[in-house]
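Notes follow the structure.
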Amino acid sequence: MAAATAAATTTPSSRLLRRTASSPNIGHHQLRCTIKPSFFALHRCAARLAQARALLPDRVTPFSYDTDGDDHPREECGVFGVIGDPDAASLCYLGLQKLQHRGEEGAGIAAAATDGKLKSVTGLGLVGDVFGDPTRLAKLPGEAAIGHVRYSTAGAAASVRNVQPFLAAYRFGQLAVAHNGNLVNYQALRNKLEAQGSIFNTSSDTEVILHLIATSLSRPLLSRICDACERLAGAYSLLFLTGDKLFAVRDPFGFRPLVMGRRPNGAVVFASETCALDLIDATYEREVEPGEVVVVDRRDMSVSSACLVPHRPRKSCVFEHIYFALPNSVVFGHAVHERRNAYGRALAEESPAPSADVVIPVPDSGFYAALGFAQASGLEFQQGLIRWHYSGRSFIQPSQAIRDLAVKLKLAPVRGVITGKSVVVVDDSLVRGTTSSKIVRLLRDAGAREVHMRIASPPVIGSCLYGIDTPSEGELISNRMDLEGVRRTIGCDSLAFLSLDKLHSIYGDEAHELCDACFSRNYPVMPTVPEPVPDLVSAFED
């Protein structure tokens with residue numbers, strides 16, 4: 001009881017100072033040993049590590065990819081927030097539209113009215129579907145709002161209950177949260193909270209964060225947020241909204257992006273990508289730093305910053321540059337289109353195709369890598385494949401023959417560019433190989449003399465734990481086959497990937513700040529093995 005009282009009365013400044021001074025080598029809810037571990041401690045630590053690795057192959061993403069669709073990895077969500085503007089909800093709607101590529105399963109907005117009360121509107125589908133009726137936005141007045149677009153990595157995909165932002169009421173008022181990322185200790189935390197009596201309404205890992213805040217003994221909310229985040233492991237870029245404040249939080253490794261900008265009227269904006277800032281005339285100011293919480297007070301528009309958790313080595317997701325982010329965004333301090341162009345140039349240096357006549361991209365994300373490849377190799381660059389964005393999901397068609405024809409709706413060859421040519425096809429990544437094999441067949445059917453596949457990233461051999469929808473490791477073609485096996489399966493004349501060493505060389509001194517676990521299986525944070533929870537005896541039982 002004395003300890004609980006002390007925790008409740010500790011000032012937030014002293015708590016934050018303690019966090020800053022804490023050892024960077026000690027993390028919360030991570031697999032760790034003491035400074036001078038005994039033989040038995042080392043043995044137990046190794047055993048837990050082996051258990052954690054056993055969780056990797058199929059734990060992360062429970063969805064199935066349709067066999068005729070695009071098998072690129074998917075980002076699971078994007079977040080957007082604005083405070084200090086009378087049209088906050090409308091601006092949030094526009095920002096989410098620009099982030100639609102980060103999530104297409106659901107969308108939502110929570111807004112703070114002038115009386116301090118929070119309201120939310122969420123729904124399944126695209127942003128335009130959810131907010132197509134103007135009366136839905138009209139229900140969200142006020143000068144502050146946060147929004148979310150969703151792909152699911154934890155929680156059922158087609159459940160409206162799992163669509164964020166989540167809005168909750170607890171003893172200190174209302175709180176809304178939007179989360180981009182994935183918590184690797186979610187199940188362990190949820191088991192403990194349920195054993196202590198917590199009741200969950202969703203199957204999303206984000207709900208755990210609200211329970212941790214509600215059960216924290218600290219005051220004020222900033223300290224409660226810090227307490228909660230100290231217990232989280234994995235990736236999280238978070239926006240919290242109350243009646244008078246907006247909080248932006250980023251995990252200590254900085255896995256997922258989160259940027260801050262400002263509109264001409266002084267309104268402060270947060271977004272997953274800078275392209276969303278550009279749309280609403282907000283000027284990019286900076287990233288929310290890893291391990292930082294930024295607080296904006298609506299009453300005086302003051303902006304303050306605090307150290308959230310002890311420092312960790314930065315591990316920003318390299319796939320944001322390779323595939324997820326739009327090319328007109330700045331992510332992790334780099335222009336995305338410049339990074340992709342550099343990948344293509346490096347790929348041409350490492351794996352040229354001297355007999356080729358033309359370089360074509362796999363649209364849309366392969367465009368800048370293919371352009372870089374063509375520039376570095378001196379080959380002609382052409383758009384030899386046209387992507388059709390309105391074809392729907394071909395797997396619903398009644399027969400395999402019809403499904404095969406429906407693939408041509410999504411990608412159509414330009415015969416005048418391809419017929420009789422030796423073609424280099426540049427794509428950003430190769431995951432299961434299903435899309436690549438279909439592209440090769442399309443090009444051969446269109447009269448290509450040779451087809452050389454060039455992939456502007458290393459082979460994907462590991463599932464992501466930190467908020468990316470990737471198949472299980474058994475489905476990753478490069479995890480099952482060597483290079484020649486992949487080439488034969490795809491059916492191309494030659495195949496080459498950008499090597500991991502070459503990728504690192506592009507980043508130079510920043511290479512150690514990248515998370516490349518999908519290429520290397522070097523996971524910065526391992527999943528936490530849930531501890532057994534003893535059965536609770538009901539108070540109504542004898």
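All values reported here derive from a predicted model rather than from experimental measurement.
The two atoms that bring Arg161 and Thr202 nearest to each other are O-CG2, 3.2 Å, heavy atoms only. Residue Leu239 comes nearest to Ala248 through the heavy atom pair CD2-CB, 3.8 Å, listed as atom of the first residue, atom of the second, then distance. Pairing each heavy atom of Gly103 with each of Val149, the nearest pair is O-CB, 3.6 Å. Heavy atoms only, all atoms of each residue included: Leu241 and Ala144 are closest at CD1-CB, 3.8 Å. The minimum heavy-atom distance linking Ala228 with Ile213 is given by the pair CB-CG1, 3.7 Å.
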One pair to check against salt bridge (charged side-chain N to carboxylate O under 4.0 Å, His left out): Arg256 and Glu320. What are the steps and the verdict? CA-CA 8 Å; Arg256 308 254 68 84; Glu320 291 286 349; 3.2 Å; yes
Worked verdict on Ser272 versus Arg102 for side-chain contact (heavy atoms from CB on, under 4.5 Å): CA-CA 9 Å; Ser272 292; Arg102 300 182 73 89; 3.7 Å; yes
Evaluate the ring pair (Phe, Tyr, Trp, His ring centres under 6.0 Å) criterion for residues Tyr93 and Phe80: first the C-alpha distance (whole Å), next the side-chain angles of each, then the deciding distance (0.1 Å), finally the verdict. CA-CA 9 Å; Tyr93 166 77; Phe80 187 91; over 10 Å; no
Give the C-alpha distance, both sets of side-chain angles, the deciding distance and a yes or no for side-chain contact (heavy atoms from CB on, under 4.5 Å) between Leu221 and Thr242. CA-CA 10 Å; Leu221 179 57; Thr242 67; 3.3 Å; yes
Report the C-alpha distance between Asp278 and Asn328 in whole Å, list the side-chain angles of each, state the deciding distance to 0.1 Å, and finish with yes or no for side chain to side chain donor-acceptor pair (under 3.5 Å). CA-CA 9 Å; Asp278 297 338; Asn328 58 325; 5.0 Å; no
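A donor atom on one side chain and an acceptor atom on the other are found under 3.5 Å apart for His504 and Asp516. A donor and an acceptor atom, one from each side chain of His211 and Gln196, are nowhere located under 3.5 Å apart. Side chains of Ser203 and Asn162: a donor on one and an acceptor on the other come within 3.5 Å. Between the side chains of Ser463 and Glu473, not a single donor N or O lies within less than 3.5 Å of an accepting N or O. Inspection of the Asn180 and Ser237 side chains reveals no N or O donor paired with an N or O acceptor under 3.5 Å. Remark: the Ser302 side chain and the Asp297 side chain contain no N/O donor-acceptor pair separated by less than 3.5 Å. Side chains of Thr206 and Gln164: a donor-acceptor N/O pair is present below 3.5 angstrom, by distance only.
Note that the SG atom of Cys464 and the CG atom of Asn182 stand 7.5 Å from one another [nearest 0.5 Å]. The structure places NZ of Lys245 at 12.0 Å from CG of Leu175, a figure rounded to the nearest 0.5 Å. How far CG of Leu99 is from CG of Leu94: 11.0 Å, rounded to the nearest 0.5 Å. Ser457 OG to Leu500 CG: the interatomic distance, rounded to the nearest 0.5 Å, is 10.5 Å. How far CD of Glu143 is from OG1 of Thr114: 8.0 Å, rounded to the nearest 0.5 Å.
Two residues are said to be in side-chain contact when any heavy atoms from C-beta on lie closer than 4.5 Å; Leu189 and Leu212 meet this criterion. In this structure, Val130 and Val163 have side chains that are not in contact, with every pair of non-hydrogen atoms separated by 4.5 Å or more. Side-chain contact between Val303 and Met260 is present, with heavy atoms from C-beta onward closer than 4.5 Å. Contact check for Leu210 versus Tyr170: no side-chain heavy atoms found under the 4.5 Å cut-off. No side-chain heavy atom of Val269 sits less than 4.5 Å from a side-chain heavy atom of Tyr284. Glu273 is not listed as a side-chain neighbour of Val259, based on a closest heavy-atom distance of 4.5 Å or more. By the 4.5 Å heavy-atom criterion applied to side chains, His512 and Pro313 are not counted as neighbours. For the pair Val79/Phe270, no side-chain contact is recorded, criterion being any heavy-atom separation below 4.5 Å from C-beta on.
A cation-pi contact, defined as under 6.0 Å to the ring centre and within 45° of the axis, links Arg339 to Tyr507. Judged by the 6.0 Å and 45° rule, Arg190 forms a cation-pi pair with Phe200.
Checking Arg286, Arg312, Arg314, Arg250 one by one against Glu292, the salt bridge (Lys or Arg N to Asp or Glu O under 4.0 Å) holds for a single residue, Arg286.
Between the side chain of Arg224 and the backbone N or O of Ser216, at least one donor-acceptor pair lies under 3.5 Å.
Residues forming a side-chain contact (heavy atoms from CB on, under 4.5 Å) with Cys515 (at least two apart in sequence, or on another chain): Phe255, Lys315, Tyr466, Ala517, Pro524.
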